[in-house]
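Chain identifiers are assigned alphabetically (A, B, ...) following the order of the sequence lines, protein sequences preceding nucleic acid strands; residue numbering begins at 1 within each chain. All figures in this text were calculated on a predicted structure; none of them were measured in a lab.
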Amino acid sequence: MMHADHDNLTYELERERIDQLVDDLEESVGDVVNREAVAAMLESRGVRDIDAQKEYGCNDIFDLADAVFKKLKHRRLRQRIEGRSNGKGKLRAQSVIKRVLTFLKYYGYGLLFTMPLFSQIIAILFFEYSLWAWLDFNEAQATIVAMGTISAFIITGGFSLAIGREISHYKSLDNYYLASYMSRYLFIAGILALFGFWFLIYTVNAMIPFYPHQMLGIGGIYMVLIGIWLLASAVLYALRQHLTILISVLIGTVVVILLMNTTLIGIYWAHWIGLSTANLLMIGYSFLFFRIKFRSGQFTEDQKKPRLEAKYYNNYRYFMYGMLYFLFLFSDRLLAWSTGETPPAYIIWFDTPYELGMDWALISLVLIIASVEYSINNFSKLLFPIEQKAVLSQLAEFRNYFKNYYARQLSILFAVGMISIVLNYILVSSLEVYQHQIEEIRQFFASPITTEVFWYGSVSYLFMSIGLLNALFFFTLGRPRNILYSLIIATVVNILVGFICSRMIAYQYAVVGLLAGSVTFAAITSYFMRDCLHNLDYYFYSSY
Amino acid sequence: MSSNPKVLFQTEASYPYEGGGVATWAHILCSELADDIDFHIFAITGQPNVDLKYDLPRSIKEITHVPLWGAEQPVDYYEPERPFSDIVSAKLRTTDRVVQTYFEPLFRDFLDALFRPESSEHNFGELIYGFWLYCRYYDYKVTMQNRRLWEIFREQIYNRYPTDKLDLYMKEMSLRDVTFAMRWLYHFLMPVDVGLSDVDITHATLSGFPGIPSIVQRYHKGTPFIITDHGVWMREQYINVHNAEFEYYSKKFLLDLSYCMVRAVYENSDHILPVTRIHEPWEKRMGATPEKIEAIYNGIDSETFSPQPKPPKTQDIPTVVAVAQVFPLKDIETMIRSCDYARREIPDIQYRVYGSLDVNPEYAKRCQNLVKELELEDHFIFGGFHENPSEVYNEGDLTILSSISEGVPYTILESMSCARPVVATDVGGVREAIEGCGVICKPADPEDLAKGVVELLKDDQKRIELGRKSRERVLLHYTREKTVTNYKETYHKWQEKDLQPACYEIDNDSVNRIQQHIDPVNDAR
């Protein structure tokens with residue numbers, strides 16, 4: 001009897017100890033996958049075979065693990081049955097207040113991105129000069145500077161996008177050495193491309209003299225300096241040093257204004273010195289930024305450099321998109337400036353009313369782009385947590401969430417766009433009353449073409465922003481191919497329609513080409529967005 | 001042309017790009033066998049941009065580096081000589097139709113095996129070989145990014161979980177977790193995309209994913225496959241994954257994948273060489289057959305680690321030494337508490353712990369606070385990292401180890417070689433190493449540790465006798481020469497074997513289909 005009592009007591013003690021193990025595991029781990037996992041965790045807590053035998057009455061650690069596992073699983077199952085919920089949370093959109101605050105935050109951030117451009121508009125209006133423009137340029141000067149600017153954007157567009165991608169990629173790995181290495185490589189390649197293009201047009205012009213060589217010389221210098229500015233900005237933008245870009249632009253502009261107001265250096269040298277100042281500041285800052293990051297980072301110069309063919313392959317679609325984007329943006333100007341009732345002085349000749357109209361429309365674009373910035377940043381921030389919240393059986397709900405999100409973004413974009421365009425029109429046209437007092441205002445409103453081009457241009461920019469929004473969604477998901485195809489088609493439409501309209505109707509209707517192209521870009525990219533939204537889970541999975 | 005055996009030596013997060021115990025062992029092996037063996041290192045790392053941590057010995061003829069994460073085109077790292085145009089051609093060849101016709105059946109069988117890991121319907125090793133065959137001609141990344149495969153995977157997860165009625169009402173997998181699970185497949189199975197090596201033997205340094213090239217070589221060329229188990233990889237997976245911040249089904253998925261991998265590795269291996277026999281129950285549980293298992297113990301340099309008199313600074317102080325990085329598995333807190341118990345018996349006792357405090361700064365801080373709390377500042381000293389561990393053991397009268405998990409730690413062998421007996425917790429291969437010439441204690445029990453320490457410090461004769469026996473045991477079983485000789489003999493033995501490639505006995509239809517479709521001789525890269 002005493003022996004049986006002793007056995008019972010031992011058995012009770014052993015059960016109690018097993019229960020304690022169950023409590024311990026439940027508290028520290030919760031749900032365990034299998035008995036082997038339990039055995040591993042018991043061993044890590046110092047339980048050995050000998051302890052399993054002596055203290056728990058089991059044959060060995062696996063036998064003990066089996067006992068613990070069964071008790072733990074049954075206990076957890078009971079708890080789940082008692083406190084049962086289906087584990088699904090509702091996928092709600094954020095509250096209105098949160099959405100408004102987020103909008104203000106990212107819209108403000110987007111405006112910061114456009115501040116350099118905005119500052120140039122302000123500088124020109126108040127001081128007559130900006131970093132590469134002057135209110136008193138004659139048409140010849142305006143032509144070469146405009147051609148230089150347009151060429152700079154087109155040639156560096158692809159390099160800028162590639163710089164952004166490479167820096168983002170290596171930043172995510174905390175590898176600032178390779179971020180610097182690749183941005184240096186692309187920066188230099190971009191500069192070589194600028195010089196290469198300059199040499200090419202110079203050579204062509206030497207055989208068929210479209211322009212006097214002095215014009216090409218001056219335009220080329222503008223092209224190279226503006227191109228460098230764009231490349232340096234791309235580096236800083238990818239490093240999220242937007243304020244530095246703004247400060248560099250402001251300092252450069254101040255240099256131009258000071259030189260013009262205090263010396264007889266002339267506008268070209270003033271611009272070139274101002275641009276060089278801004279460029280040196282940005283390049284110097286980038287250099288210092290990377291140096292500081294090297295010291296605190298773990299990656300060194302000894303690491304293997306990436307194979308360039310792999311980089312070309314990874315980036316070629318983005319590169320083509322970047323280049324084509326600016327060709328798309330500026331081709332209407334090239335078409336408008338190469339025709340007219342009065343034939344232009346040279347093959348492409350600056351047209352003031354047309355350009356004023358497009359610059360006026362650009363103000364609307366600045367305000368609309370900030371909204372695109374909000375949509376994309378918010379999308380990136382939402383995707384992860386919503387994916388985490390949505391369980392597998394909520395797949396349809398997850399997709400609908402983002403379809404609704406996208407619809408809201410389109411609505412916001414339209415609303416912001418319409419308000420921007422109307423406000424822009426009202427504010428600028430309200431200045432018309434001063435045209436008798438201020439010569440520049442009189443000249444601004446001298447031709448009805450300016451206002452006509454403004455309306456077409458603004459609406460074009462709105463549709464283009466829709467296409468841009470779609471493009472950025474796809475870029476976020478690492479899918480440039482369909483966007484590139486869309487842009488190719490849109491550019492062809494832009495050029496064809498613009499050519500026909502500018503030649504068959506009047507030169508200023510080149511902007512109709514931009515409108516047609518923008519609508520095409522928006523339509524095709526929106527078509528691809530449908531598939532993306534309907535299969536967003538797949539697009540997110542495969543975005544590595 | 002060298003007649004040395006050529007060995008494909010597979011590592012993961014280790015030699016030659018990271019340090020640690022396994023890396024040290026690998027470097028010793030490669031250095032000591034410089035004239036006898038030609039090594040081709042197959043190094044799996046987490047990131048692509050890694051620096052060499054060792055001066056490579058001349059035995060290393062080639063390194064294949066496989067970065068599982070962080071590379072947009074990882075093939076560029078493990079096949080840097082391959083023309084990129086060839087890589088692009090493979091991508092273009094990999095159409096939706098190709099994926100559907102050749103890869104999808106294989107993928108379905110693979111998932112079936114994965115979701116029923118205990119089932120023997122599918123041979124996991126065959127499926128791995130099938131993946132490799134497919135990748136001879138088609139692109140791995142483009143395939144794994146295929147929309148159809150994602151839909152199949154998602155559907156399978158939805159239909160299969162829960163697999164057990166005890167998992168009823170467990171929270172469903174989130175979309176993000178399903179995304180990560182499929183991406184884990186892409187990353188961990190990446191070695192199937194690497195071409196064959198011209199070697200006589202493959203040697204995996206753990207029984208997990210580095211075993212993939214060995215399985216492939218075994219199937220395709222009959223290359224003998226040996227494994228060294230330093231710990232039990234699957235056991236460590238169970239602990240690490242359960243401690244990670246994953247949801248239940250993510251843990252289950254990852255562990256089932258690991259389990260299938262380990263079983264395939266053991267099944268296809270020819271020789272399993274753990275560093276201690278203590279892991280045998282785990283190895284058998286994971287599918288290793290006892291006939292394949294033969295321990296080759298770690299070895300140390302018995303001349304460098306030799307008995308010396310205590311230095312003046314500890315001459316008259318009862319000193320207990322430990323060489324251990326300060327992190328949770330070493331359970332330094334228990335060591336500290338044992339010092340507290342021991343000083344009640346021996347008031348002038350000193351514990352000196354040499355090891356980095358940077359591995360887990362939070363834990364190190366906790367230990368330092370505990371020392372202050374117990375007022376042990378004069379008795380428990382953190383010596384930090386010591387460049388010459390051979391000097392450290394001779395500072396003490398004995399060595400202590402309080403770990404809760406180990407293989408066969410070098411620290412106890414080094415101490416034994418210096419004729420300093422060891423008081424250690426009964427984990428891993430410790431018992432096997434010190435039974436009869438040291439004191440074995442219960443893990444996580446500071447009083448038991450203190451009892452062992454006090455016993456040896458008070459009994460000079462016993463301590464000296466155990467120290468002598470410790471040194472003897474090292475000279476008999478744990479010298480570097482012995483370890484290296486054992487491996488050299490093993491390599492030579494397997495070099496002479498002529499094994500039938502397993503590719504002639506494939507049962508799986510989807511693998512057979514790929515075998516017929518692809519000509520690995522002409523298409524192989």
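For A/Ser543, the parts lying near chain B are the backbone and the side chain together; criterion is any non-hydrogen pair under 4.5 Å. Only the backbone of B/Met173 comes within contact range of chain A, with at least one heavy atom under 4.5 Å from a heavy atom of that chain. Contact of A/Arg48 with chain B is made through the side chain alone, with heavy-atom distances under 4.5 Å. Using a 4.5 Å cut-off between heavy atoms, B/Phe180 touches chain A through its side chain atoms alone. When heavy atoms are compared at a cutoff of 4.5 Å, B/Asn146 approaches chain A solely by way of its backbone atoms N, CA, C and O. Heavy atoms of B/Val178 lying under 4.5 Å from chain A belong exclusively to its side chain. In this structure, chain A has a heavy atom under 4.5 Å from the side chain of B/Arg285, while its backbone stays farther away. With a 4.5 angstrom heavy-atom cutoff, B/Lys91 touches chain A only via side-chain atoms. When heavy atoms are compared at a cutoff of 4.5 Å, A/Asp60 does not approach chain B at all. The contact between A/Asp51 and chain B is made entirely by side chain atoms (from C-beta outward), counting heavy-atom distances below 4.5 Å. In this structure, chain A has a heavy atom under 4.5 Å from the side chain of B/Arg431, while its backbone stays farther away. For a residue to count as touching a neighbouring chain, one of its non-hydrogen atoms must lie under 4.5 Å from one of that chain's; by this rule B/Tyr77 touches chain A with backbone and side chain alike. When heavy atoms are compared at a cutoff of 4.5 Å, B/Leu255 approaches chain A solely by way of its side chain, counted from C-beta outward. Contact annotation for A/Val47: neither backbone nor side-chain heavy atoms come within less than 4.5 Å of a heavy atom of chain B. Neither the backbone nor the side chain of A/Leu383 comes within contact range of chain B, judged by heavy atoms closer than 4.5 Å. Proximity to chain A (any heavy atom under 4.5 Å) is shown, for B/Ile157, by both the backbone and the side chain. In this structure, chain A has a heavy atom under 4.5 Å from the side chain of B/Met286, while its backbone stays farther away.
Aromatic rings of B/Phe253 and B/Phe153 (six-membered ring for Trp) have centroids within the 6.0 Å cut-off, being under it. In this structure, A/Tyr541 has its ring center closer than 6.0 angstrom to the ring center of A/Tyr544. In this structure, the ring of A/Tyr312 has its center no less than 6.0 angstrom from the ring center of A/Phe319. Between B/Tyr161 and B/Phe115, the gap from one ring centroid to the other is short of 6.0 Å. Ring centroid separation for the pair A/Phe402 and A/Phe379 comes in under the 6.0 Å cut-off.
Among B/Ile239, B/Val232, B/Asp76, the residue making the largest number of heavy-atom pairs under 4.5 Å with chain A is B/Asp76. In terms of heavy-atom pairs under 4.5 Å with chain B, the best-connected choice from A/Ser172, A/Ala310, A/Pro306 is A/Ala310. Of the residues considered (B/Ala71, B/Gly70, B/Ala444, B/Ser403), B/Gly70 shows the highest number of contacts with chain A, using heavy-atom pairs under 4.5 Å. The candidate from A/Asp49, A/Ile50, A/Asn34 with the greatest count of non-hydrogen atom pairs under 4.5 Å with chain B is A/Asn34. Note: A/Phe62 leads A/Phe62, A/Tyr313, A/Phe398 in heavy-atom pairs under 4.5 Å with chain B. Between chain B and the residues A/Glu309, A/His74, A/Lys73, A/Gln388, the most heavy-atom pairs under 4.5 angstrom are made by A/Gln388. Ranked by heavy-atom pairs under 4.5 Å with chain B, the first of A/Arg76, A/Met41, A/Arg307 is A/Arg307. In terms of heavy-atom pairs under 4.5 Å with chain A, the best-connected choice from B/Val427, B/Thr425, B/Asp167 is B/Asp167. The residue among B/Pro443, B/Ser85, B/Pro281 with the most heavy atom pairs within less than 4.5 Å of chain A is B/Pro443. Of all the listed residues (B/His65, B/Met144, B/Lys251), the one sharing the greatest number of non-hydrogen pairs under 4.5 Å with chain A is B/Met144. The candidate from B/Lys141, B/Glu236, B/Met234, B/Glu151 with the greatest count of non-hydrogen atom pairs under 4.5 Å with chain A is B/Lys141.
With salt bridges taken as basic N to acidic carboxylate O contacts below 4.0 Å, one links B/Glu280 and B/Lys284. In summary, A/Asp531 and B/Arg147 engage in a salt bridge, as defined by a charged side-chain N under 4.0 Å from a carboxylate O. Under the 4.0 Å criterion applied to side-chain N and carboxylate O atoms, A/Asp24 and A/Arg17 are not assigned as salt-bridge partners. With respect to A/Asp19 and A/Lys71, a salt bridge is recorded, a charged nitrogen being found less than 4.0 Å from a carboxylate O. A salt bridge does not link B/Lys252 to B/Asp164: none of the charged nitrogens lies less than 4.0 Å from a carboxylate oxygen.
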Working note: B/Tyr140 + B/Tyr186, criterion ring-ring contact (aromatic ring centres under 6.0 Å, His included); need CA distance, chi angles, decisive distance, verdict. CA-CA 8 Å; B/Tyr140 176 65; B/Tyr186 164 73; 5.4 Å; yes
Check against side chain to side chain donor-acceptor pair (under 3.5 Å), B/Ser174 and B/Glu247: CA-CA 9 Å; B/Ser174 70; B/Glu247 293 290 337; over 6 Å; no
After noting the C-alpha distance and the side-chain angles of B/Asp51 and B/Tyr17, does the key distance pass the side chain to side chain contact (heavy atoms under 4.5 Å, CB included) rule? CA-CA 6 Å; B/Asp51 295 329; B/Tyr17 299 115; over 6 Å; no
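A cation-pi contact links B/Arg183 to A/Phe540, judged by a cut-off of 6.0 Å to the six-membered ring centre and 45° from its axis.
Without hydrogens or angle criteria, A/Asn535 side chain to A/Tyr538 main chain gives no donor-acceptor distance under 3.5 Å. Counting only distance, with no hydrogens or angles, the side chain of B/Gln73 and the backbone of A/Asn314 share no donor-acceptor pair below 3.5 Å.
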